[in-house]
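Following: one structure in structure tokens, then a few remarks.
Chain identifiers are assigned alphabetically (A, B, ...) following the order of the sequence lines, protein sequences preceding nucleic acid strands; residue numbering begins at 1 within each chain.
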2 protein chains.
Amino acid sequence: MAQPPIRAMHASMKKTSQPTINDVAHVSGVSKKTVSRVINNSPLLNDDTRQRVLGVIKDLGFVPNPQARALALRRNFLIGLVHDNPNAQMVLNVQQGILEAIRDTEFELVVRPVNRGAPSMLEDVRHFLERQRLFGVVLLPPVSENDSLAQLCDEIGCRYVRMGSAKLDDDEHMVASNDREAVREATQYLIDEGHKRIAWISGPHGFRSARERRLGFEDALGAAKIPLHRSMVADGNYTFDTGVLAAERLLDLSPRPTAIFAANDEMATGVLYAARQRGLDVPRDLSILGFDDTPTAGHIWPPLTTVRWPIVSMARAAAMKLLAGVGDGGEAVTEPSMFLSTLIRRASVARPMD
Amino acid sequence: MAQPPIRAMHASMKKTSQPTINDVAHVSGVSKKTVSRVINNSPLLNDDTRQRVLGVIKDLGFVPNPQARALALRRNFLIGLVHDNPNAQMVLNVQQGILEAIRDTEFELVVRPVNRGAPSMLEDVRHFLERQRLFGVVLLPPVSENDSLAQLCDEIGCRYVRMGSAKLDDDEHMVASNDREAVREATQYLIDEGHKRIAWISGPHGFRSARERRLGFEDALGAAKIPLHRSMVADGNYTFDTGVLAAERLLDLSPRPTAIFAANDEMATGVLYAARQRGLDVPRDLSILGFDDTPTAGHIWPPLTTVRWPIVSMARAAAMKLLAGVGDGGEAVTEPSMFLSTLIRRASVARPMD
DNA sequence: TGCTTAGTGGAAACCGGTGTCATAAACAAG
DNA sequence: CTTGTTTATGACACCGGTTTCCACTAAGCA
């Protein structure tokens, strides 16, 4: 049987706008449905037909309209990133990781910072999810620690993955790093260097990452039988300013701590700032440790010894988890849901003088 | 005439999924079209009807499906941010500004980092714009300086606004800061402090911001009749590492410059790093000036004197420009398209010793 | 009273895809 | 040669909105 001829340009086809599936169907002499089958890689399709239609698609430069697809499929192709994180580099790394995962797919990334403090936060997110009918969202700490947010996603029927500092019960929705163990190792390093008076600047109350890191610190001290005096722990909330304040209090102590471990780099940078302000030499007079490995950490003097967590990889894994079982491939590379952080040794730690 | 009664829940209305315009129409006893008129604030509509329909909309929690709207209106409600910028804080500030502008609208922000170096860059962006049929894009420097990109947007019929360091011819598509004047002022400040041997670390070739800032530097030196020796200008490309390298070369000079002005903060941070490495005291032995006012600039020791440009406001203005004449309000607050940068005096500049 | 006009709201088509189901052709089995 | 089964394809309704067109009312005017 002769193939239907490839017709000339259909009358209704306006050159000014993009070609539609109808144009492709008319030109290649098949029905819309067949073209749809080609687009969606349907297996029950004559190979000749497929090739012919593919040729026309290419000739015409046809690109399926995502809005129409979204409407028909009752889901769109948008991944949301919900975050409430003051660390720009971290947010951007997460964006990078997600974008790596959705590269060459039809998905796009839409960002939505929220205000954790605001009482309307949950409602804001609800509107965001419902209105846009997002395919799924990635939740970044600290807002990812909010259980009612996860519950909301379940309720609405929106897929989600939470990024965090420790495994939760539901592996399904979680991508985590091992903050506790990483801090334990880093503290052990300080102890091995001979430090005994080690102070801790904690993260904000209610943050899982803050708790995990604190626990890791206590683990190491406990194992080395070093008592942790209450005065050696200062409160912070992950900002530079609280780092400075906490350091000022700790450096007034007598005897002074020989090392200060801040729960994140921004506070550690504040410690360094405070130390310099009072003329202390780092690391001779004081060792400093941070957590995150922000770009700044390596750019200040002395460069900061810190813990790096593979944030880009984690974000990529989170996005792939979201997309699992959707892609064309279907080979479903299962990403790990637990990532290991590593100690980056730079110049802000030395053996104590006494 | 009696109003049609508000009917009980329509049979076809499934409680499991979101209510549609049909549900609203059935319940309130009017046609789809009337509901549509309510949604779109059509003026020719009985006020009683409007109120009744609004009530039903609220009761049902109806939210118009953006995909369907996008399909019918032949445009979606996505604003794209195309960027190729290594400065995370800047990118995030821009995101913040755009989000402020589209808050309480139906627009969302989708981000698309590109690789300026890649030969496929233009094609990538074209696919992005065509596939998603974006409402408009904000172009961030340095990629915003690419004229063929703007041309591409014109060709495709996608609105765009470029953010940049100086006014271009087409005010229509531009939101700019006055880098040249800002650097001139900052340099003048150095001169007023008594500096004569002032070195410059430039931004990458081909960047408009790099050129504008360099010009401002030369403006000030020229006005003060200070000759600019070739050796006092070092090449950089806006990264920390090139800042360190350039500083090392400049600090080997004899006589040494008493001040180094780096075209951005990241390089200025590198200068500080290099100075410390060789035991120089900043600002006693060397004054340092940067540009951008990144958060890091204020967190290092000594805190960096730098130029702050109102990036968030600029981004907000850019987004509002994009949306001009679309919003419900229509009051069209015309944002300025030129923004002024200001000198932030901190501790990295002092009078020279000699 | 007859005729225009503005205001209002419905029916149906449409945006560009997808799902369901029917159907024709090809092939195997009885 | 029938009958049943599989394969490839098309017709048509549908997703949830918007737009076009038209009918119907009530008011304004001669």
Quiz item: Between atom CZ in Arg69(B) and atom C1' in dG16(C), what is the gap in whole Å?
Solution: 18 Å
Self-check item: Sugar-phosphate only, base, or nothing, as touched by Leu71(B) at under 4.0 Å among non-hydrogen atoms
Solution: base
Self-check item: Pairwise 5' ranking along DNA chain C for Asp47(B) and Arg74(B), keeping only the more 5' one
Solution: Asp47(B)
Quiz prompt | Length of the line joining Asn76(A):CG and dG17(D):C1', which is rounded to integer Å | solution = 16 Å
Quiz prompt | Nearest to side-chain heavy atoms of Asn65(B), which nucleotide of dG17(D), dT19(D), dT18(C) | solution = dG17(D)
Quiz item: Are the charged groups of Arg162(A) and Glu145(A) less than 4.0 angstrom apart, N to O?
Solution: no
Quiz item: Can a donor-acceptor pair under 3.5 Å be found between the side-chain atoms of Arg37(A) and the base atoms of dG10(D)?
Solution: yes
Self-check item: NZ/NE/NH1/NH2 to OD/OE distance under 4.0 Å, Arg103(B) and Glu100(B)
Solution: no
Quiz item: Relative to the 5' end of DNA chain D, which residue comes earlier, Lys32(A) or Leu44(A), by the nucleotide with the nearest heavy atom?
Solution: Leu44(A)
Quiz item: Between Phe62(B) (CZ) and dG16(D) (P), how many Å, whole number?
Solution: 10 Å
Quiz item: So, is Ser31(A) close to the dG10(D) phosphate, meaning a side-chain N or O under 4.0 Å from OP1 or OP2?
Solution: yes
Quiz item: Any side-chain N or O of Thr49(A) less than 4.0 Å from the OP1 or OP2 oxygen of dA8(D)?
Solution: no
Quiz item: Taking the six-membered ring for Trp, is the centroid-to-centroid distance between Phe107(A) and Phe135(A) below 6.0 Å?
Solution: yes
Quiz item: Out of dG17(C), dC15(C), dG9(C), which nucleotide sits closest to the side chain of Ala72(B)?
Solution: dC15(C)
Quiz item: From dT18(D), dT18(C), dT9(D), pick the nucleotide closest to the side chain of Leu45(A)?
Solution: dT9(D)
Self-check item: Approximate separation, where rounding is to 0.5 Å, of Ser42(B) OG and Arg50(B) CZ
Solution: 7.0 Å
Quiz item: Any salt bridge between Asp23(A) and Lys32(A), counting N to O under 4.0 Å?
Solution: no
Exercise. Answer yes when Glu108(A) and Arg131(B) have at least one side-chain N-carboxylate O distance shorter than 4.0 Å, and no when they do not.
Key: no
Quiz item: Would you say a side-chain N or O of Asn40(A) is under 4.0 Å from OP1 or OP2 of dT18(C)?
Solution: yes
Quiz item: Nearest of dT18(D), dA8(D), dT8(C) to any side-chain atom of Asn46(B)?
Solution: dT8(C)
Practice problem: Give a yes/no on whether any side-chain N or O of Ser36(A) is located under 4.0 angstrom from OP1 or OP2 of dG17(C). | Solution: no
Quiz item: What nucleotide among dC15(C), dT18(C), dG17(D) has an atom nearest to a side-chain atom of Ile21(A)?
Solution: dT18(C)
Quiz item: To the nearest Å, how far apart are Asn41(B) CG and dG17(D) C1'?
Solution: 16 Å
Quiz item: For the pair made of NZ in Lys33(B) and C1' in dA11(C), what is the distance, rounded to whole Å?
Solution: 13 Å
Quiz item: Asp23(B) CG to dG16(D) C1': how many Å, rounded?
Solution: 10 Å
Quiz item: Rounded to the Å, how far apart are Asn22(A) CG and dA13(C) P?
Solution: 16 Å
Quiz item: Rounded to the Å, how far apart are Ile57(A) CD1 and dG16(C) P?
Solution: 16 Å
Practice problem: Check every atom of dT18(C), dG10(C), dT9(D) against the side chain of Val30(B) and return the nucleotide holding the closest atom. | Solution: dG10(C)
